[in-house]
Amino acid sequence: MARVHLSRLPGERVQVVDDGHVDVLDVTALPAFVARREADDAPRWVWDDTARWYAPLLAAGVRVERCHDLRLCHRVLRRAPAVDARLLDGEEADLWDRLRPAEPTEPVLVSADDATEHLRADLEDARQLAAVEASPEAVRLGLLLAAESAGALVAAEMTHAGVPWQVEVHDRLLTDLLGPRPPRGARPRLLEELAVEVRGILDSPDLNPDSRPHLLAALRRAGIEVPDTRRSTLHRIEHPVVEPLVRYKQLAHLFSTNGWAWIDQWVGDGRFRPVYQPAGSATGRWSSNGGGALSFPVQVRSAAVADDGWVLVVADVAQLEPRVLAGMSGDRALARAARGADLYQGMVDDGAVATRQDAKLGLLGAMYGATSGESGRMVAGLTRRYPAAFGLVEEAARAGERGQVVRTLLGRGCPALGGGSWDESPDAPPADLDDQDRHRRAYGRFTRNFVVQGTAAEWASCWLADLRNRLWRLVDDGPLESRPHLVFFLHDEVVVHTPADLADRVAAEITAAASTAGALLFRELPVDFPLNVSVVRSYADAGKPGGPPPPDV
DNA sequence: ACTACACGCGCC
DNA sequence: AGGGCGCGTGTAGT
């Protein structure tokens, strides 16, 4: 398959390298060029950063079949233990090392000049291909890079399409809970009333409940001794201030993170458009740097409503990480328990544990490194029952404690101890031995979780990539937004916006894509990845028993 | 005035 | 002493 390299040149120009043939285009001519080439034979577009190139193409109505995101792949290869780092060295290599994600606020191809503006895609691509080919894990790495790049396409497409968002619904929800929208800088009425109530109970007329020090001091004056002001701590206290104070904190959080200002900033033309960073976290999970896309609370999801005649198909994987652990460790007993919709219940039926809750505590404890309490006790028993699975995370933890890096199934390496992004303390003072020990154990918990969370992220990328292709094939023509399309992704959950009459077929494709992802990653030991699928008008109705609500007409 | 950090909370 | 994130806030440091 052809690889076409796109590099920005000084001025409004783009260099195109296609099978050795070099061409120079004006930026404005690029969408037409790409559209023509896509219609011809859909090459793999090789560019420095998908967000930078694809956003303008999407805006021009051009959809791309496949790409290779050099920045993302450079990061993966740099850290991959199975890659000979010297093969990545060469002209401009240091610039690729330093390359940051494209500014999400500037969806333009040519911006202010700096050293990283005009990197040569063809040079870097040649190095990456050579590095993968020379690796003993070339096949897995190749899959990882392809999945990663496809994820970048999905991310750009989701930002382009946006989550359908009804501002009136959101506004009504806010008004019901907080009172009418206040002038800038003021508290909404109901929030202010709660503040007054708290001040009265604590006999602190000047208290600003948003200030932790003030709040702590006021609580102490009222004879309430608490180490902090978090909700779980307050709930342990028996005092009339607890109820209004906790309610104040909840509503204040809603007001500041997902209130009217959030709507103003992130919702436009009936669409919520967050900005995603594929592989933005060290484990390969996505992060988001706009709109808090990966943490918007259940509370406001009722405002995500499909267009008229359309529905949302919402699907999430049940117990993704334990299933991934079963697959990557080749633990047949755990894979057997993973048959069916509820892995934890499968462990109970297997006779491994007494209750579902015990199974959950033990598995999560093993993956997170719990050492004490109920969770720690369950781990010991389950290790005998599922030695391969529990042994894998245990070995990852030991490796970390020895200061070694670990890798995911497809070969992503974790950041090294004391360097890179894991723990930002480059030259920590020569701490005492206890401190060093604590640090190593913390790194061990990180590496323990890294192998599972990172491989789960790889599964999810494969799921997304295959689903993206399947959705595109469902309909013969029309622009992206007129077809079933992904609008949201959150670690183990996807939301597809689709014409209502295609909902069942979309649901089937989501399920089929999950099977494909499982087979791709765990060919030697098949593991089930059952999904909870809902067809709903509003995101808030997903996952509820009793089927879809009646259409609201 | 601006930046950096800790906190508390939201999501998985 | 359970892993990964982002965000808004208040406060301390510059």
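Lettering of chains follows the sequences in order, A, B, ..., and the numbering in each one begins at 1.
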Give [X] one of three labels, base, sugar-phosphate or nothing, depending on what nucleic acid heavy atoms sit under 4.0 Å from its own.
{"X": "A:R448", "value": "nothing"}
{"X": "A:N258", "value": "nothing"}
{"X": "A:V452", "value": "nothing"}
{"X": "A:R285", "value": "base"}
{"X": "A:R230", "value": "sugar-phosphate"}

task = Answer yes or no: are there more than 12 heavy-atom neighbours, outside A:D264 itself, under 6.0 Å from its atom CG?
result = yes
inquiry  = Check this for me: A:D176, atom CG, are more than 12 non-hydrogen atoms of other residues, nucleotides or ligands nearer than 6.0 Å?
reply    = yes
Selection from [options] that lies nearest to any side-chain heavy atom of [X]:
{"X": "A:Y368", "options": "C:dG2, C:dT11, C:dG6", "answer": "C:dG2"}
{"X": "A:H214", "options": "C:dT11, C:dT9, C:dG3", "answer": "C:dT11"}
{"X": "A:T257", "options": "C:dG6, C:dG8, C:dG3", "answer": "C:dG8"}

query = Hey, is A:R285 close enough to A:E321 for a salt bridge, meaning N to O under 4.0 Å?
reply = yes
key: Salt-bridge criterion met for A:D528 and A:R323 (N-O under 4.0 Å)   = no
Nearest-Å distance for atom pair [atom1]/[atom2], residues [X] and [N]:
{"X": "A:W262", "N": "C:dG8", "atom1": "CH2", "atom2": "P", "answer": "11 Å"}
{"X": "A:H491", "N": "C:dG4", "atom1": "NE2", "atom2": "P", "answer": "13 Å"}
{"X": "A:F450", "N": "C:dG2", "atom1": "CZ", "atom2": "C1'", "answer": "18 Å"}
{"X": "A:M378", "N": "C:dG2", "atom1": "CE", "atom2": "C1'", "answer": "16 Å"}
{"X": "A:F489", "N": "C:dG4", "atom1": "CZ", "atom2": "P", "answer": "18 Å"}
{"X": "A:Y443", "N": "C:dG3", "atom1": "OH", "atom2": "P", "answer": "14 Å"}
{"X": "A:L490", "N": "C:dG6", "atom1": "CG", "atom2": "C1'", "answer": "12 Å"}
{"X": "A:F446", "N": "C:dG3", "atom1": "CZ", "atom2": "P", "answer": "11 Å"}

ask   = Could you go step by step and tell me if A:R448 and A:E394 meet the salt bridge (Lys or Arg N to Asp or Glu O under 4.0 Å) rule?
value = CA-CA 7 Å; A:R448 172 197 289 272; A:E394 200 59 36; 3.3 Å; yes
query = Within the side chain of A:T455, is there an N or O that forms a donor-acceptor pair under 3.5 Å with the backbone of A:L409?
reply = yes
message = Holding to ring-ring contact (aromatic ring centres under 6.0 Å, His included), I want the full list of residues that pass it with A:Y386, two or more places apart in sequence or in another chain.
response = none
ask   = So what is the end-to-end bend of the helix from B:dA1-C:dT14 to B:dC12-C:dG3, with 5 pairs used at each end and the value given to 10 degrees?
value = 10°
message = Return the CZ to CG distance between A:R189 and A:L194, rounded to the nearest 0.5 Å.
response = 11.0 Å
task = Under 4.0 Å from any heavy atom of chain A: name the first and the last nucleotide of DNA chain B that qualifies, 5' to 3'.
result = B:dA6 to B:dC12
query = Of the non-hydrogen atoms in A:P322 and A:Y344, which two are nearest, and what is the gap between them?
reply = CG-OH, 3.8 Å
query = Aromatic rings A:W262 and A:F272: how do their planes relate, parallel, tilted or perpendicular, breaks at 30° and 60°?
reply = tilted
